[in-house]
Each structure stands twice: as C-alpha cells, then as structure tokens.
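Reviewing the structure listed below.
Numbers here simply count residues along the sequence, with the first being 1.
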Amino acid sequence: MKKLIVLPAVLLLLACQDHNPVQPEPEIAPELVMAQARAGPANVAKMVPFKGKGTWQMNPALTGPTPEGRFVYVVALEGTATHLGRLQWDWTGLYDFLGVGDDGIPITVYLSHDGRFTAANGDELHDEGCVVEHGTVHEYYVPLGTGFSLTRVKLVGGTGRFENAEGWYDLWVTTTSYFPLPEGTWEFEGWISTVGSTRGGR
C-alpha cells in the first residue's frame, strides 16, 4: 500500500470511514472510453495511464481562515508526471475550519479544490475535486498517520495539447514537516485522454 499523506497541516475528521481503506486501482478507463463512444466515433479518445510524483509546500501568505468561517490552503507543488514532464502544480483547497489543536495546527475537513498543472513547455492541465458530487461522498479516504488520499479527482481540460483533456487520478499526499512551513511529498495514478494530441498522450 502506498504511503498516504496530504495537504498541509490538515486533520481530516472522518470517524465513520474505514481506517484501513484499500487504495483503488485505476480500472475504470474503459468506462470513460465507453462514455466517449456514445458521443460518436469521431469523439472517441484513447485513455492512457497518468502518473506523477513530487514535493509540496504550503504558501503561508495565501493560507488561512475565510470570512465565512472556512479555511483555504494554497499549496505549491513540483515534480514530474507522464505527458507533462517536469511540472509546477498550483493547488487551492477549501476546507471546513473546525478550530486549532493544542499543537497549534488547524483542524480542518476537506471540501473541494481547484488545481493547475503547468508542463515544462507552458501547457496547462486543470483538475478539480470535491467531497460531495451528485449527493455522493466519494473523493477522500480517512487519513492514516501524517497523510490522506483523494480519489477520482477529475481532469477538466486546460491549454495547448490539454485543451480537451479529460480523465481522473487518485492522489496520495504525505506531510514530512510542519515547521517552519508545512511540506511533504505527493504521488498520483490515474488515466488521461489523448484528446487534442497527435503523439499518443503527449
């Protein structure tokens, strides 16, 4: 099992979940192909594996409570991924703010996020996740140790060769240090379409 982890200084309070979740395997790519096929042969896109890993660090200047009583985390990530090469990844997450623990670390619960991958050549790939979609809670697992995972995070287009990209990934995040700034590592696996590509996924 991969090492779970996640976003900066976050404690997910999900007592009703299984504390030993089995990580999902990326086996639904055929379903995505079927969905695209229904739109017509010209719109069928091949789904290819999408994997990446790297490090993250919280941006303290943009992170903190909101006037509505929630909490925003802004995180800068970097690393490498298939179809992107070396990348920068900006993540803005919205959380329910439950208070501050005895250790001074905010106690928060993940609600949603928007992300933007920037490839080495400047092309962008966008992603978005949320806890509740169509009334179903499905995009997170219980934290284990110093991390957590998000599942079925959507890829929702971008720029350049990713303009019409779609797919999803499962994310595992680890926190390696809280001071002086929260930071750690990340890894994801999923599937991405070759829409807008002429080089088999690139």
Side-chain angles (χ1 to χ4, degrees), residues 2-10 23-29 32 45-63 72-95 110-130 139-141 146-178 180-202:
K2 290 186 177 66
K3 187 177 181 181
L4 292 184
I5 42 170
V6 310
L7 300 182
V10 178
Q23 291 183 15
E25 294 297 328
E27 296 175 346
I28 67 165
L32 295 176
K46 178 182 177 184
M47 302 303 295
V48 294
F50 182 48
K51 299 180 180 181
K53 61 182 178 179
T55 60
W56 63 264
Q57 186 174 73
M58 187 185 76
N59 183 333
L62 301 176
T63 294
V72 172
Y73 280 107
V74 177
V75 183
L77 307 94
E78 62 181 18
T80 58
T82 51
H83 321 297
L84 286 160
R86 181 154 292 281
L87 62 86
Q88 300 293 320
W89 184 9
D90 300 312
W91 168 294
T92 301
L94 180 65
Y95 296 74
Y110 170 84
L111 296 176
S112 64
H113 82 271
D114 293 303
R116 183 182 69 232
F117 296 94
T118 303
N121 73 341
D123 286 355
E124 293 183 1
L125 174 63
H126 302 159
D127 69 278
E128 61 184 29
C130 64
E139 291 197 2
Y140 59 72
Y141 282 138
T146 58
F148 77 87
S149 68
L150 297 178
T151 68
R152 301 303 189 265
V153 178
K154 291 182 179 179
L155 300 173
V156 290
T159 65
R161 67 186 185 278
F162 301 115
E163 182 177 0
N164 297 311
E166 58 185 322
W168 59 268
Y169 64 84
D170 294 337
L171 174 68
W172 297 275
V173 184
T174 352
T175 301
T176 56
S177 174
Y178 282 116
L181 291 175
E183 61 185 7
T185 62
W186 58 267
E187 182 176 357
F188 67 70
E189 292 186 11
W191 294 85
I192 187 171
S193 69
T194 58
V195 174
S197 167
T198 58
R199 296 178 56 194
R202 286 188 56 91

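The side chain to side chain contact (heavy atoms under 4.5 Å, CB included) search around Pro49 returns Trp191, not counting sequence neighbours. Val156 pairs by the side chain to side chain contact (heavy atoms under 4.5 Å, CB included) definition with His126, Glu128, Lys154, not counting sequence neighbours. For Thr80, the side chain to side chain contact (heavy atoms under 4.5 Å, CB included) partners two or more places apart in sequence, or in a different chain, are Arg86. Considering only residues two or more places apart in sequence or on other chains, Ser177 meets the side chain to side chain contact (heavy atoms under 4.5 Å, CB included) condition with Glu183.
Minimum heavy-atom separation, Gly122 to Thr159: O-OG1, 4.3 Å. The two atoms that bring Val153 and His113 nearest to each other are CG1-CE1, 3.6 Å, heavy atoms only. Smallest separation of non-hydrogen atoms from Phe188 and Phe117: CE2-CE2, 3.7 Å. Heavy-atom minimum distance, Asp170 versus Trp172: O-CZ3, 3.4 Å.
You'll find the side chain of Leu181 reaches within 4.5 Å of the side chain of Pro60, heavy atoms only. Within the 4.5 Å cutoff, the side chain of Thr92 has heavy atoms near those of the Val72 side chain. Between Leu155 and Phe50 there is a side-chain heavy-atom pair separated by less than 4.5 Å.
Remark: Cys130 SG to Tyr110 OH distance equals 6.5 Å, nearest 0.5 Å. One distance of note links CD of Glu166 with CE of Met47; it measures 6.0 Å at 0.5 Å rounding. The CD atom of Gln88 sits 7.5 Å away from atom OG1 of Thr118, with the distance rounded to the nearest 0.5 Å. Here CG of Asp127 is found 13.5 Å from CH2 of Trp168. Values are rounded to the nearest 0.5 Å. Between the CG atom in Leu171 and the CD atom in Glu189 there is a gap of 11.0 Å [rounded to 0.5 Å]. One finds the CG atom of Leu84 at 6.5 Å from the CD1 atom of Ile192 (value rounded to the nearest 0.5 Å).
The one candidate from Trp56, Trp89, Trp91 that meets the ring-ring contact (aromatic ring centres under 6.0 Å, His included) condition with Trp186 is Trp89.
Annotation: salt bridge (charged side-chain N to carboxylate O under 4.0 Å, His left out) contacts involving residues 111-123, sequence neighbours excluded, comprise Asp90-Arg116, Arg116-Glu124, Asp123-Arg161.
A donor-acceptor distance shorter than 3.5 angstrom exists from the side chain of Thr82 to the backbone of Lys51, with no hydrogens or angles considered.
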